[in-house]
Amino acid sequence: VPETKPLAEVELVIPSRPEYVGVARLAILGVASRMRFSYDEVEDIRLAVGEACTRSIDRLNGDAEDRSIRLRCLIDANRLTIEVRNPLVKLPPREVPPDPTGLPPEGDLSGVLIRILMDEVHTEERADEGVHLLRMVKYVAR
Amino acid sequence: VSATEPLFEVDLKIPARPEFVGVARLSIARVASLMPFSFDEVEDIRLAVGEAATRSIDRLDTEARRQSIGLKCQGYDDQLAIELRSPLAQFPPPRAPSDEEDLGSMLVHILMDELNEEERPDEGVHVMRMVKQVTK
């Protein structure tokens, strides 16, 4: 995604605790509903943001320190870009027992969900900034 | 003002434009509802933040409206403190405050337990600090 200056930008920083995911979901509702998205698209975005935040919190799970999650919403005429950043924390890999149902592990499921709900999804680890970044884009239907 | 560290902090930055006040209102309502406030108190806080943000934006000229407004919400055991930072208007408003502005200011006073306003020219910001106490 090329970095051009968006028309407007909204930033939100929340503690990395599950009860604050609702704050992010509501804030994004406020942002997305001002754009030319349909009701269903706004719901898609809201769900994707909720999943992205929950994933960030899961990733930080087990880390004793109080961390925060930073959301940036970049508003353009034809698209909404949302960046979710959480600090990069080196944690020992968790032992995941094989699921008897044969379904993918839950973390993967939320990743699949985000990809279905949004038009573009990109994740990267920025070791120099010490952050894990998830960027997702939803285009306004023409 | 509690001397202790806040239990949590939520920061929000929105463009200094009227159409984004709704984002602040929604977010603050959700933050307040995570604390032991009654339904009415949450509504008070939401209304106060909406009025405060609207007032801050009304003071700004077109140039300043390209900047942003910051909301810092700090939750404590016994209170929620909200700090609203807006760009400092270069010049004082050329007219006396309208009745509407007076009403907005009065509302914030009535709805919140504490209100302090301060201009920090060195940082180029106008700071409004509002506190709502948790009633026992």
Side-chain angles (χ1 to χ4, degrees), chain A residues 4-37 42-43 45-47 49-50 53-54 56-57 60 64-77 80-87 131 140, chain B residues 4-37 42-43 45-47 49-50 53-54 56-57 60 62-77 80-87:
Chain A
T4 48
K5 194 160 165 44
L7 294 177
E9 186 177 326
V10 171
E11 223 182 283
L12 177 71
V13 182
I14 54 168
S16 61
R17 285 177 247 161
E19 59 267 39
Y20 295 94
V21 173
V23 180
R25 282 166 52 87
L26 263 186
I28 207 72
L29 172 70
V31 171
S33 61
R34 302 230 149 256
M35 297 179 66
R36 287 179 294 116
F37 288 120
V42 172
E43 283 304 301
I45 296 166
R46 197 151 80 114
L47 186 52
V49 167
C53 291
T54 305
S56 285
I57 292 167
L60 295 170
E65 272 186 75
D66 229 356
R67 305 282 183 175
S68 51
I69 298 174
R70 181 180 295 269
L71 278 118
R72 268 176 90 205
C73 313
L74 311 172
I75 302 156
D76 285 298
L80 173 63
T81 307
I82 301 154
E83 292 181 352
V84 182
R85 281 178 166 77
N86 64 261
V131 292
V140 174
Chain B
T4 50
E5 283 282 294
L7 299 176
F8 69 84
E9 182 174 317
V10 171
D11 287 316
L12 177 70
K13 209 166 85 183
I14 55 168
R17 302 209 293 264
E19 59 266 39
F20 288 94
V21 172
V23 178
R25 282 165 50 89
L26 274 177
S27 308
I28 199 71
R30 181 67 202 201
V31 170
S33 68
L34 293 170
M35 295 184 61
F37 286 120
V42 171
E43 284 303 300
I45 295 165
R46 186 153 81 129
L47 187 53
V49 167
T54 302
S56 300
I57 292 168
L60 302 175
T62 322
E63 187 55 40
R65 286 191 189 194
R66 296 208 184 117
Q67 299 179 48
S68 52
I69 285 185
L71 269 161
K72 190 199 279 187
C73 318
Q74 293 182 315
Y76 299 86
D77 268 338
L80 174 64
I82 301 156
E83 210 175 79
L84 194 151
R85 284 161 173 266
S86 53

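All of these numbers come straight from a predicted model, not from anything done at the bench. Order of the sequence lines fixes the chain letters, A, B, ..., with proteins taken first and strands second; residue numbering starts at 1 for each chain.
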Task: Taking every non-hydrogen atom, the tightest pair across Val10(A) and Pro15(B) - done: CG2-CD, 3.7 Å
TODO: Considering non-hydrogen atoms only, spot the tightest contact between Ala27(A) and Val23(B) and give its length.
DONE: O-CG1, 3.8 Å
- [ ] Can you tell which part of Arg66(B) gets under 4.5 Å to a heavy atom of chain A, answering side chain, backbone, both or neither?
- [x] neither
- [ ] Could you look at Ile28(A) and say if it's the side chain, the backbone, both or neither that has a heavy atom under 4.5 Å from chain B?
- [x] neither
Open item on the list: Looking at Arg34(A) and Glu19(B), would you say the former's side chain and the latter's main chain have a donor-acceptor pair under 3.5 Å?
Closed with: yes
Task: Which atoms of Leu7(B) approach chain A - backbone, side chain, both or neither, heavy atom under 4.5 Å - done: backbone
Task: Option in Ala8(A), Gly22(A), Ser33(A) with maximal non-hydrogen atom pairs under 4.5 Å from chain B - done: Gly22(A)
Task: Interface moiety of Glu19(A) toward chain B, non-hydrogen atoms closer than 4.5 Å - done: both
- [ ] Provide the closest heavy-atom pair for Pro15(A) versus Val10(B) in the form atom of the first, atom of the second, distance.
- [x] CD-CG2, 3.8 Å
Open item on the list: With a 4.5 angstrom heavy-atom cut-off, is it the side chain or the backbone of Glu9(B) that approaches chain A, or both, or neither?
Closed with: backbone
Task: Per-residue contact mode, Arg25(A) against chain B (heavy atom under 4.5 angstrom) - done: neither
Open item on the list: Rounded to the nearest 0.5 Å, what separates atom CG in Leu71(A) from atom CG in Leu12(B)?
Closed with: 10.5 Å
Task: From Leu34(B) atom CG to Arg17(A) atom CZ, the distance as rounded to the nearest 0.5 Å - done: 10.0 Å
- [ ] Please state whether the side chain, the backbone, both or neither of Ile69(A) comes within less than 4.5 Å of a heavy atom of chain B.
- [x] neither
Open item on the list: So for atom CZ, which belongs to Arg70(A), do other residues, nucleotides or ligands contribute more than 12 heavy atoms lying within a distance under 6.0 Å?
Closed with: no
